[in-house]
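Read the numbers this way: they start at 1 and go in the same order the structure lists the ligands and their atoms.
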Amino acid sequence: MTSPVPRPVRTIALLNQKGGVGKTTTTTNLAAAIAEAGRRVLVIDLDPQAHLTLHLGIEPAGPTVYDLLIDPELPSEACVVEARPNLDLVPSVVDLAAAETELAAVPDRNRLLQRRLAALSSRYEFVLFDCPPSLGLLTLNALCAAREIFVPMQAHFLALQGVGKLLETVGLVSRSVNPTLRVTGIVLCMHEQQTTHHREVVADLDAFFEQARGTDVPWSTCRVLRPAIRRNIKLAEAPSYGKTIFDYEPWCPGAVDYRKLAERVVGDWDAMLARRERTVEITTVSDAVAGTTSSRGAGAGAAN
Ligand SMILES: Nc1ncnc2c1ncn2[C@@H]1O[C@H](COP(=O)(O)OP(=O)(O)O)[C@@H](O)[C@H]1O
Ligand SMILES: [Mg+2]
């Protein structure tokens, strides 16, 4: 008999030090699509601008991510709001801007979120962190709590240089605070497939990550995720109504793209879990066989 293996949670930080690249749009709509597919998702708004919270149409009445970080006595569950079926949120508020200063003297302050989530994350299959456009304390907390990074970006030559810098930073962070952290996906946002420039930048990105395969950099398994998210005005309109794209225009190109992206994110994860379970089964069976052989051996030795 194999003992049940605890089901791991896929934890992803949406990170890019540049603002306006599609982090919040991707966190909201990717999470909403995963939830729509019947999987439990938690999203955490780490941006003092609270755009993710607004995008989901939530006005926090109770504790927020600020309280989660500042008040160790407060139960983590108290900071969770149900945003949609299968989709929970830890909301943000402008107070969060003060958190960086208030937490500056707290020992081990980069791991506060990781510790606070330990009690929560087993209720979910996916946890997504919407990071602010800076690499301060709030972002470092996300990078300590997550196993993976997705980088939302636009396919411009200058954006490509920015990603190079971001990857270097992730390399440093992963060496110092979270050695398990990996950049696993690039999400192309506001994409214009028909422009030659976009196509060239995507080809460069693909080639760059292909070269990194098998090396020991934290982006060695990273892929440019497909589909790219097309530029679609509906995606820009939905937040002002406090709606996800699936509440607002469920069959517009933006909704179709995020739904397909979610299928890939969920599908890759399920495939990884299935491989992991097979490996555990094979190891358990081979351990059992080895046990039988060694006990026979021991028996034979005793008989001699
Ligand atoms: N695919 C898209 N098509 C059109 N507008 C988009 C798309 N993705 C994002 N936007 C808009 O671009 C702006 C910046 O996106 P946002 O997700 O807030 O970026 P970030 O969180 O990185 O600052 C927002 O106004 C958003 O509505
Ligand atoms: Mg944002």
Side-chain angles (χ1 to χ4, degrees), residues 12-33 43-58 60 64-66 83 89-94 96-97 99-100 128-136 138-139 141-143 146 149-156 158-160 162-163 165-166 169-170 183 185-195 198 201-202 224-262 264:
I12 308 170
L14 284 289
L15 179 73
N16 192 327
Q17 75 277 42
K18 218 166 146 347
V21 293
K23 291 183 290 294
T24 303
T25 308
T26 301
T27 311
T28 310
N29 294 309
L30 179 59
V43 285
I44 299 173
D45 191 351
L46 282 164
D47 192 339
Q49 298 179 91
H51 285 173
L52 172 64
T53 306
L54 293 169
H55 201 330
L56 287 166
I58 304 285
T64 66
V65 71
Y66 173 81
L89 164 75
V90 178
S92 175
V93 271
V94 277
L96 190 58
E100 300 237 8
L128 305 185
F129 304 86
D130 187 25
C131 294
S134 62
L135 291 166
L138 297 166
T139 299
N141 265 276
L143 299 186
I149 294 175
F150 281 2
V151 180
M153 64 173 283
Q154 282 164 268
H156 289 311
L158 288 175
L160 203 58
V163 168
K165 282 256 169 301
L166 181 67
T169 311
V170 171
V183 183
I186 302 290
V187 183
L188 295 169
C189 296
M190 297 172 243
H191 199 62
E192 284 157 23
Q193 242 132 356
Q194 60 282 17
T195 69
H198 272 201
V201 172
V202 175
V224 180
L225 300 175
R226 270 46 177 215
I229 310 299
R230 286 167 281 179
R231 185 181 286 282
N232 180 204
I233 189 67
K234 299 290 176 200
L235 285 168
E237 289 168 6
S240 53
Y241 298 97
K243 291 182 170 181
T244 73
I245 199 63
F246 306 102
D247 305 327
Y248 184 62
E249 275 284 338
W251 297 105
C252 69
V256 170
D257 291 345
Y258 274 114
R259 204 178 274 117
K260 282 194 189 146
L261 183 66
R264 163 140 200 200

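Contact annotation for atom 25 (O) of ligand 1: protein absent (non-hydrogen atoms, distance under 4.0 Å). Counting only heavy atoms, the protein gets under 4.0 Å from atom 14 (C) of ligand 1.
Counting atoms of ligand 1 from 1 in the listed order, those under 4.0 Å from a heavy atom of Leu235 are 1 (N), 2 (C), 27 (O). Heavy-atom contacts of Asn232 reach the following atoms of ligand 1: 2 (C), 3 (N), 4 (C) (cutoff under 4.0 Å). Ligand-side atoms of ligand 1 in range of Gly19: 23 (O), range being under 4.0 angstrom from any heavy atom. Within ligand 1, counting atoms from 1 as listed, the ones closer than 4.0 Å to a heavy atom of Val21 are 19 (O), 20 (P), 22 (O).
Under the side-chain contact (heavy atoms from CB on, under 4.5 Å) rule, Thr28 has a single partner from Thr26, Leu30, Thr25, Thr24, which is Thr24. For the side-chain hydrogen bond (donor to acceptor under 3.5 Å, both in side chains) with Glu192, the lone residue among Gln154, Arg231, His198 that qualifies is Arg231.
Within the 4.0 Å heavy-atom criterion, neither part of Cys189 lies near ligand 1. The backbone of Arg230, and not its side chain, has at least one atom closer than 4.0 Å to an atom of ligand 1 (non-hydrogen atoms only; backbone = N, CA, C, O).
Ile58 contributes atom CD1, which lies 13.0 Å from atom OG1 of Thr64 (distance to the nearest 0.5 angstrom). Once rounded to the nearest 0.5 Å, the distance linking CG of Asp257 with CG of Leu188 reads 11.0 Å. Rounding to the nearest 0.5 Å gives a distance of 13.0 Å between SG of Cys131 and CZ of Phe150. Note that OG of Ser134 and NZ of Lys18 are 14.5 Å apart. Values are rounded to the nearest 0.5 Å. The CG atom of Asn29 lies 8.5 Å from the CD1 atom of Ile229; values are rounded to the nearest 0.5 Å. In this structure, the separation between CD1 on Ile149 and CD1 on Ile186 is 10.0 Å, given to the nearest 0.5 Å.
Closest to atom 7 (C) of ligand 1 by heavy atom, among Arg231, Met190, His51, is Met190.
Checked against a 3.5 angstrom limit, the closest N/O atoms of Asp130 and ligand 1 fall outside it. At under 3.5 Å, a nitrogen or oxygen of Gly22, whether backbone or side chain, sits near a nitrogen or oxygen of ligand 1. Considering backbone and side-chain N/O atoms, Gly20 comes within less than 3.5 Å of an N/O atom of ligand 1. For ligand 1, the polar-atom distance check finds an N/O of Thr25 within less than 3.5 Å of one of the ligand's N/O atoms.
Taking 2.8 Å as the threshold, Thr25 does not count as a candidate ligand of the Mg ion (ligand 2), since none of its N, O or S atoms lies below it.
If you check the side chains of Ser92 and Asp47, you find no donor sitting under 3.5 Å from an acceptor.
Counting protein heavy atoms only, atom 27 (O) of ligand 1 is closest to Ala236 CA, 3.2 Å.
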Quick one: do Gln17 and Lys165 satisfy side chain to side chain contact (heavy atoms under 4.5 Å, CB included)? Show the steps, please.
-> CA-CA 9 Å; Gln17 75 277 42; Lys165 282 256 169 301; 4.1 Å; yes
